[in-house]
Number of protein chains: 2
Amino acid sequence: MTKNLYDDARITAVGLVMEVYAGLAARFAAQFEEHGLSTVEFEVLMRLARSPEHQLRMTDLAAQTSLSTSGVTRVVDRMERDGLLGRRACPSDRRSAYAVVTESGMARLDETLPGHIQLIQDWFIGQLEPADLASLLDSLRIVRDAVHPGATAGSTGAAAGANTAC
Amino acid sequence: MTKNLYDDARITAVGLVMEVYAGLAARFAAQFEEHGLSTVEFEVLMRLARSPEHQLRMTDLAAQTSLSTSGVTRVVDRMERDGLLGRRACPSDRRSAYAVVTESGMARLDETLPGHIQLIQDWFIGQLEPADLASLLDSLRIVRDAVHPGATAGSTGAAAGANTAC
DNA sequence: CAGGGAATATTGCTACGACTATAGTTGCTC
DNA sequence: GAGCAACTATAGTCGTAGCAATATTCCCTG
């Protein structure tokens with residue numbers, strides 16, 4: 001018999017990552033839906049809430065969410081229609097537009113967040129010993145920094161990172 | 001100021017998982033595309049290749065891939081059209097149908113796999129010290145077993161697990 | 001200041017996948 | 001054996017996201 005590459009330990013290692021992701025994502029999605037949000041909508045809300053003035057340029061939002069710019073346009077369309085977000089013209093660059101969270105959007109997020117954190121606690125954090133968790137996060141950080149698609153709003157952009165200030 | 005839940009350490013912990021997943025998935029997808037495969041097509045090919053006789057019932061395939069049954073139908077349609085898969089009637093249960101990998105499908109997988117494993121080595125395994133990697137996998141396994149959406153072809157089905165044998 | 005190239009957002013087109021309904025098959029019960 | 005519930009696969013419909021094309025604006029160079 002030839003050696004079986006299909007059961008290679010390296011394959012199963014990434015399989016583990018994928019399964020953990022899939023499991024968590026599915027549970028999160030179910031809880032988001034209870035509050036009328038999809039996963040990407042929650043992600044958009046979170047990214048904006050963590051930004052100064054609760055707003056971000058469309059392009060920056062796309063960079064931070066692993067969505068294309070057109071995808072961001074559609075999501076913001078929907079959320080604007082639902083009153084969660086608003087658009088604001090950028091004073092210094094008329095090409096750019098800000099997506100800004102409305103009061104209603106912040107309220108929706110505040111209403112969703114406690115349950116979300118509870119899920120994280122129950123299915124992820126709480127499953128591990130504190131020392132193991134710390135070690136796990138360290139390792140994940142290393143891999144993240146290597147793979148690093150610029151999701152952390154950090155130093156990915158070759159240009160000066162301050163263009164968030166428009 | 002009110003306490004800021006949006007930067008909660010627990011949120012950033014799952015953010016880490018999501019970012020690692022997204023980064024790996026994007027790189028994998030690019031390599032799959034070089035061989036004319038999408039991510040789900042590769043996953044289907046892998047699941048079938050790891051099964052006895054290189055075949056699986058449509059329902060079982062759906063259970064193992066976090067795809068719906070109709071999704072599996074469409075994917076198998078495409079892959080059958082491309083000659084990677086074939087359909088075979090189940091002799092003992094005429095409701096069921098097997099999806100079976102063709103010679104061409106196995107060849108495609110064998111052609112794709114080395115590069116895939118190389119990516120895993122470069123961006124995941126190779127980033128960590130062996131001891132840290134082992135610890136990481138242990139922790140991931142614990143979380144996986146908790147979240148456990150039955151992706152491992154294990155004991156999810158309430159009925160006897162042996163229905164893979166049709 | 002005129003013009004070319006880069007950047008930004010949007011829209012049309014297309015592909016993919018989930019939800020639902022439908023048709024066929026099986027096994028159980030009376 | 002007829003009827004009925006459960007299961008399997010498929011087809012219809014809809015929502016969502018990516019890619020390419022477009023219009024506008026900005027910046028830099030002459």
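- Nearest-nucleotide positions on DNA chain D for A:Val40 and B:Thr59 put B:Thr59 closer to the 5' end.
- In this structure, the CG atom of A:Asp60 is 8 Å from the P atom of C:dT8, given to the nearest Å.
- Straight-line distance from the CG atom of B:Leu61 to the C1' atom of D:dA9: 13 Å, rounded to whole Å.
- In this structure a side-chain-to-backbone donor-acceptor pair under 3.5 Å is missing from A:Arg47 to A:Thr65.
- Heavy atoms from other residues, nucleotides or ligands lying under 6.0 Å from CD of B:Glu33 number 12 at most.
- Between the CZ atom of B:Arg78 and the P atom of C:dA15 there is a distance of 11 Å, given to the nearest Å.
- Between A:Trp123 and B:Val14 there is no side-chain heavy-atom pair separated by less than 4.5 Å.
- Here the nucleotide nearest the side chain of B:Met58, chosen from C:dT11, D:dT10, D:dT8, is D:dT10.
- Between the side chains of A:Tyr98 and A:Asp60, not a single donor N or O lies within less than 3.5 Å of an accepting N or O.
- Distance, A:Met79 CE to D:dG15 C1': 16 Å, rounded to whole Å.
- Side-chain atoms of A:Asp77 lie closest to C:dT11 of the nucleotides C:dT11, D:dT25, D:dT10.
- Of the candidates C:dT10, D:dG18, C:dA18, C:dA18 carries the atom nearest the B:Leu67 side chain, counting heavy atoms from C-beta on.
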Where do N or O atoms of nucleotides 19-24 of chain D meet protein N or O atoms at under 3.5 Å, pair by pair?
unit_1	atom_1	unit_2	atom_2	d
D:dC19	N4	A:Ser70	OG	2.9

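- If you take OH of A:Tyr98 and P of C:dT8, they are 12 Å apart, rounded to a whole angstrom.
- For the pair A:Arg81 CZ and D:dG15 C1', the interatomic distance rounds to 11 Å; values are reported in whole Å.
- Ring orientation note: the planes of A:Phe32 and A:Phe42 are close to parallel, at an angle under 30° on the 30°/60° scale.
- In this structure, A:Val72 reaches neither bases nor backbone, as no heavy-atom distance under 4.0 Å exists between it and the strands shown.
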Evaluate the side-chain hydrogen bond (donor to acceptor under 3.5 Å, both in side chains) criterion for residues A:Ser70 and A:Ser68: first the C-alpha distance (whole Å), next the side-chain angles of each, then the deciding distance (0.1 Å), finally the verdict. CA-CA 5 Å; A:Ser70 65; A:Ser68 71; 3.2 Å; yes
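- Sparse packing is recorded around CD of B:Glu129, with 12 or fewer heavy atoms of other residues, nucleotides or ligands lying under 6.0 Å away.
- Between B:Arg87 and D:dT10 there is a side-chain polar atom (N or O) within less than 4.0 angstrom of OP1 or OP2.
- Atom CD of A:Glu33 and atom P of C:dA18 are 14 Å apart (whole Å).
- Following rounding to the nearest Å, A:Arg57 (CZ) and C:dA7 (P) show an atom-to-atom distance of 11 Å.
- A:Ser66 comes within contact range of the sugar-phosphate backbone alone, with a heavy-atom separation under 4.0 Å but no base atom that close.
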